[in-house]
Amino acid sequence: MQIVKRNILLNPGPATTTDSVKYAQVVPDICPRETEFGDLLEYVSTELTQLVADTKDYTTVLFGGSGTAAVEAIISSVVRDDTVLVINNGAYGKRICEIAKAYNLPLLEFTSPHDDGIDLVALENTIKKSCQKISHLAVVHNETSTGLLNNLEAIGAICEKYHIDMIVDAMSSYAAVPIQMDKMNISFLAASSNKNLQGFAGVAFVVANRKKLERIRDNKPKNYYLHLYEQYQFFCESRQMRFTPPVQTFYALKQAIDELKEEGVERRYQRYVKSWETLIKGMDRLHLNYIIPKEHHSKIITSIVEPDCSGYNFNEMHDYLYDQGFTIYPGKFADSKTFRVANIGDITYKDIEDFLSILESYLQAIGYPFAKEDA
Ligand SMILES: Cc1ncc(COP(=O)(O)O)c(C=O)c1O
């Protein structure tokens with residue numbers, strides 16, 4: 001097996017993959033309507049469910065598409081006449097609101113600071129005081145725009161108390177931060193193949209509570225491709241996807257799942273946390289600040305305040321790092337000057353150490369005053 005040039009992707013997905021995942025795509029051509037491919041889809045679907053729930057009560061519906069497809073499939077398919085309450089405390093919470101608006105769904109927005117934990121009392125009061133009947137609550141687990149980790153267990157308990165179905169966008173937490181759908185009272189969860197799963201982009205999926213899924217059977221369709229129940233039913237009947245799947249991406253995903261099973265979700269998360277701790281120590285050493293307090297941090301992606309230095313320019317810093325094999329990501333908020341570093345994928349703390357020393361040499365080159373506070 002020829003070694004592929006290794007790039008360290010510090011963007012929040014698609015993440016760095018192993019060469020074995022890359023090569024798993026190289027398979028004999030196959031029609032995705034063949035039984036053999038159906039076996040593969042069934043394996044992938046079952047394993048994706050097992051990572052977060054019991055297959056007796058939950059199932060995974062697969063789509064060809066990016067992660068947003070899974071979020072949109074849930075929102076457009078499950079919300080009917082009653083209101084969806086959306087927690088908006090970052091760019092991806094805002095996106096869920098935008099999806100609800102695009103479908104003209106009854107929406108109640110709960111805005112919360114993007115750099116602090118949710119006020120659960122205020123959330124509960126919003127539910128109690130609402131004159132609209134709230135049937136669903138949607139929340140992002142790890143707000144990838146900042147690294148803020150929302151407390152699913154506490155939000156799930158509120159949902160249980162008020163008989164609300166909880167929808168979770170777990171795009172950047174799934175397969176790293178442990179999730180137990182049953183215990184956390186999650187009815188529908190969205191994720192994709194290319195972040196902590198360490199597979200390729202192209203597969204979006206919904207893990208759903210089977211009973212809740214059955215209840216949407218008669219919902220009036222609001223779209224075609226993203227119709228959650230149709231996709232589920234078609235797969236149950238045929239073990240095929242309704243439309244052409246990203247065939248080779250599925251082979252790579254199977255390999256990625258097998259590698260995840262070998263490592264284990266908890267060990268994978270520990271590896272990520274070690275990289276994050278290395279990053280944070282480095283930030284302290286370089287006198288750079290990050291915006292999310294440790295107790296609310298996912299330890300998966302960090303939003304770092306841009307260096308206060310006249311020679312600084314994000315694009316130049318990006319290019320300096322990129323030339324040496326490291327890809328960083330711009331910030332997501334127009335009003336706060338940040339850039340982002342994700343520590344997911346097939347990388348270790350040693351890669352983060354290498355990143356930090358290149359970052360340090362960039363900062364030296366632009367005359368960044370490291371020793372300002374020590375003087
Ligand atoms: C929390 C969250 N939701 C949704 C998305 C959208 O995923 P995609 O860009 O694959 O559509 C992302 C992407 O980073 C994300 O982090």
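Ligands are counted one by one from 1 in listed order, and the atoms in each one are counted from 1 as well.
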Tell me which part of [X] gets within contact of ligand 1: side chain, backbone, both or neither, using heavy atoms under 4.0 Å.
X      : result
Thr68  : both
Lys195 : side chain
His141 : neither

Single hit among Leu213, Leu62, Ile216 for side-chain contact (heavy atoms from CB on, under 4.5 Å) with Tyr232: Leu213
Ionic contact status for Glu277 with Lys299, cut-off 4.0 Å: no
Carboxylate-amine/guanidinium proximity below 4.0 Å for Asp351 and Arg6: yes
Contact check: Ser66 vs ligand 1, nitrogen or oxygen atoms, below 3.5 angstrom: yes
Nitrogen or oxygen atoms of Met171 and ligand 1 under 3.5 Å apart: no
Can you list the atoms of ligand 1 that are under 4.0 Å from a heavy atom of [X]?
X      : answer
Arg95  : 6 (C)
Thr144 : 1 (C), 2 (C), 15 (C), 16 (O)
Val140 : 1 (C)

Test applied, side chain to side chain donor-acceptor pair (under 3.5 Å); reference residue, Thr17; option that passes from Gln198, Glu259, Lys22: Lys22
Min side-chain heavy-atom separation Tyr92-Glu143 under 4.5 Å: yes
Within 6.0 Å of [atom1] in [X], more than 12 heavy atoms from elsewhere:
X      : atom1 : answer
Glu98  : CD    : yes
Tyr322 : OH    : no
Gln364 : CD    : yes

Write out the residue and atom name of the closest protein heavy atom to [atom], then the distance separating them to 0.1 Å.
atom                    : answer
atom 3 (N) of ligand 1  : Asp169 OD2, 2.5 Å
atom 12 (C) of ligand 1 : Tyr92 CE2, 3.3 Å
atom 10 (O) of ligand 1 : Gly67 N, 2.9 Å

